[in-house]
Student: 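Here it is, the structure in full.
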Amino acid sequence: MDTTVAMHIANGIINGPVSLLFIAIAVAGLAVCVWRAKTDLDDRLAPMAGLVAAFIFAVQMLNFQVLPGVSGHLLGGTLAVILVGPWVGALCVATVLLVQCLVFADGGLTAIGLNVTNMALIGTAAAYLLVALLLRVLPRTPGGLGATALIASIVGVVVASQGFVVEYALGGTTELSLGGIAATMAGVHVLIGIGEGLIAATTVVTVAKVRPDLVYALRAFRTRSMGVKA
Amino acid sequence: MKRFLIGGLLVALLLAGVVSSFASGSPDGLDYAAREGCTFNADDEITGGSCMLQREQDHQLGDSPLADYGIKGIDNEYLSTGLSGVAGVLLTFAIGGGLFWLIRRRPTVDGKA
């Protein structure tokens, strides 16, 4: 019964030139991430980042129902930003997408740049902005961290879904109403974002209780904001 | 650290190896939007209308042994999905962890990072 397992943009949805353009964008974006990630990655963060990537792969397999006949799955940007920071986090999501594309035939090979740009770069960047902002405003409690994860997830997922709409506007292979696509994508992804947010909040609050020292966001964003005040 | 990593990996393996078989089989948000406007027959082939999926092409690596989150040759769906999930978690951890380990910042002998 369960044969629909493709989760990411397939080949042929966006035309060749635009797909190639986004491969270039993805490569450039990931290069910046590698460059910046080197500063963050030490002997402790490197294995933690491997675990975060593996965990995102696992949770992406768990499609949850959001409407009758429609499911969603976690993208992982918010979770990754909070646990390992934005640069390493984007690389974690990209690693998952590459493994899914090359080994599990999920997400077209030609479309890999589109998928990486939307989920690893755009979604993670939006989540990062929200997390950095919210952790300065919300209380330093598990509730505050959980609320941060939930809100950042909803925004990150919706913004990532609109990345696809931009790509479709540039190189969609069928003439369709862009407004309709944008509305459908945004509407469904608000619900998916809530699901992602609940998973991300549960995960980061659990890690923060067990090993708060392993939560990047609790180390980086808060000390930095306190440094500004002092 | 070692205990946390092993614990985390076990959770990921359990989710991908067991829970994954009970995930929703409905099209995800993107797939749903891509199918909107077309009609489909029982074999999931487009029979009419106009939608984003119309010009979809097959995956270049669609014949790979783990394609579509199953293991070729294993007919039991739970076993096939679960084992492919376990393989994916271990592979992602090995590749991701390996790459991150390679590019990590190393303290040099003279103490400069």
Side-chain angles (χ1 to χ4, degrees), chain A residues 1-13 34 37-39 41-44 46-47 49-51 53-55 57-59 61-65 69-73 88 92 95-96 99 102-106 108-109 161 164 168 172-174 176 181 184-185 188-189 192 210-211 214, chain B residues 1 4-5 7-9 11-13 15-16 19-20 23-34 36-37 44 50-64 66-70 77 81 84-85 87-101 103-105:
Chain A
M1 181 193 108
D2 175 5
T3 46
T4 320
V5 276
M7 302 194 290
H8 307 313
I9 305 173
N11 291 325
I13 309 278
V34 168
K38 281 184 180 179
T39 327
L41 281 167
D42 55 20
D43 285 9
R44 233 160 46 129
L51 174 61
F55 186 80
F57 175 91
V59 182
M61 284 183 81
L62 309 180
N63 279 58
F64 46 85
Q65 206 76 25
V70 190
S71 75
H73 59 79
V88 179
C92 285
T95 304
V96 172
V99 169
L102 296 176
V103 181
F104 294 87
D106 182 15
L109 196 55
S161 82
F164 170 78
Y168 203 82
T173 49
T174 314
L176 292 165
I181 294 172
T184 306
M185 285 295 281
V188 181
H189 283 88
I192 295 174
V210 183
R211 287 290 302 268
L214 291 179
Chain B
M1 186 71 199
F4 180 86
L5 284 177
L9 268 181
V11 173
L13 288 170
L15 293 174
V19 184
S20 60
S24 164
S26 300
D28 72 2
L30 172 70
D31 204 18
Y32 167 76
E36 203 176 47
D44 213 33
S50 159
C51 63
M52 289 192 262
L53 217 54
Q54 267 169 303
R55 302 268 187 94
E56 189 195 9
Q57 290 152 12
D58 286 342
H59 199 288
Q60 291 93 332
L61 306 167
D63 292 329
S64 91
L66 292 172
D68 298 327
Y69 303 91
E77 242 181 75
T81 305
S84 82
V89 166
L90 295 177
L91 200 62
T92 309
F93 180 71
I95 294 175
L99 288 176
F100 292 129
W101 189 255
I103 62 170
R104 81 189 190 284
R105 157 170 62 92

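Protein chains get the first letters and strands the later ones, always in sequence-line order, with residue 1 at the start of each.
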Student: Count the heavy atoms belonging to other residues, nucleotides or ligands that lie under 6.0 Å from CG of D58(B), then report whether that count exceeds 12.
Tutor: no
Student: With only heavy atoms counted, which part of S64(B) is less than 4.5 Å from chain A, the side chain, the backbone, both or neither?
Tutor: side chain
Student: Return the CG to CZ distance between L41(A) and R105(B), rounded to the nearest 0.5 Å.
Tutor: 8.5 Å
Student: Atom CZ in F55(A), atom OG1 in T92(B): separation rounded to 0.5 Å?
Tutor: 13.0 Å
Student: For chain A, which of G7(B), G62(B), G85(B) has the most heavy-atom pairs under 4.5 Å?
Tutor: G85(B)
Student: Atom OG of S20(B) and atom CZ of F57(A): how far apart are they, to the nearest 0.5 Å?
Tutor: 9.0 Å
Student: At their closest point, which heavy atom of R211(A) faces which heavy atom of M1(B), and how far apart are they?
Tutor: NH1-N, 3.4 Å
Student: With no hydrogens and no angle check, just 3.5 Å: does a side-chain donor-acceptor pair link E36(B) and T184(A)?
Tutor: yes
Student: Heavy atoms, side chains only, cut-off 4.5 Å: are S24(B) and H73(A) in contact?
Tutor: no
Student: Shortest non-hydrogen contact from S26(B) to N63(A)?
Tutor: O-ND2, 4.4 Å
Student: With heavy-atom distances below 4.5 Å as the criterion, would you say the side chains of F100(B) and C92(A) are in contact?
Tutor: yes
Student: Any chance you could measure K38(A), atom NZ, to R104(B), atom CZ, to the nearest 0.5 Å?
Tutor: 12.5 Å
Student: Heavy-atom distance under 4.5 Å to chain A: side chain of D63(B), backbone, both or neither?
Tutor: neither
Student: Please find the pair of heavy atoms, one from S84(B) and one from M61(A), that lie closest to each other, and give the distance.
Tutor: OG-CE, 4.2 Å
Student: Please look at I181(A) and chain B and tell me whether the side chain, the backbone, both or neither of the residue comes under 4.5 angstrom of a heavy atom of that chain.
Tutor: side chain
Student: If I measure from the heavy atoms of chain A, does F93(B) come under 4.5 Å with its side chain, its backbone, both, or neither?
Tutor: both
Student: Examine whether an atom of I9(A) lies under 4.5 Å from a heavy atom of chain B, and if so say whether it belongs to the side chain, the backbone or both; otherwise answer neither.
Tutor: both
Student: Based on non-hydrogen pairs under 4.5 Å, which of G97(B), A12(B), G96(B) is most in contact with chain A?
Tutor: A12(B)
Student: Quick one: closest heavy-atom pair of C51(B) and L176(A), and the distance?
Tutor: C-CD1, 3.6 Å
Student: Can you tell me how far apart CG (D28(B)) and NE2 (H189(A)) are? Round to the nearest 0.5 Å.
Tutor: 6.5 Å
Student: Where on I192(A) is there a heavy atom nearer than 4.5 Å to chain B: the side chain, the backbone, both, or neither?
Tutor: side chain
Student: May I ask you to test the T174(A)-S50(B) pair for a side-chain heavy-atom distance under 4.5 Å?
Tutor: yes
Student: Under a 4.5 Å heavy-atom cut-off, does chain A meet the side chain of L90(B), its backbone, both or neither?
Tutor: neither
Student: Would you mind checking which part of S71(A) comes under 4.5 Å of any heavy atom in chain B, side chain (CB onward), backbone (N, CA, C, O), both or neither?
Tutor: both
Student: Between G172(A), G72(A), S161(A), G69(A), which shows the greatest number of heavy-atom pairs under 4.5 Å with chain B?
Tutor: G69(A)
Student: Ignoring hydrogens, what is the shortest heavy-atom contact between L30(B) and H8(A)? Give both atom names and the distance.
Tutor: CD2-C, 3.7 Å
Student: How long is the straight-line distance from CG of L51(A) back to CZ of F4(B), given to the nearest 0.5 Å?
Tutor: 6.0 Å
Student: Give the minimum heavy-atom separation between A105(A) and L61(B), together with the two atoms involved.
Tutor: CB-O, 3.6 Å
Student: Among V96(A), I13(A), V34(A), single out the residue with the greatest number of heavy-atom pairs under 4.5 Å to chain B.
Tutor: I13(A)
Student: Report the C-alpha distance between M52(B) and F164(A) in whole Å, list the side-chain angles of each, state the deciding distance to 0.1 Å, and finish with yes or no for side chain to side chain contact (heavy atoms under 4.5 Å, CB included).
Tutor: CA-CA 12 Å; M52(B) 289 192 262; F164(A) 170 78; 3.5 Å; yes
Student: Please work out which of the three classes, parallel, tilted or perpendicular, describes the rings of F104(A) and Y69(B), given edges at 30° and 60°.
Tutor: parallel
Student: Find the one option among T95(A), V99(A), V188(A), V103(A) whose heavy-atom pairs under 4.5 Å with chain B are most numerous.
Tutor: V103(A)
Student: Checking V59(A) against chain B: side chain, backbone, both or neither under 4.5 Å from a heavy atom?
Tutor: side chain
Student: Under a 3.5 Å cutoff, is there a donor and acceptor pairing between the side chains of N11(A) and E56(B)?
Tutor: no
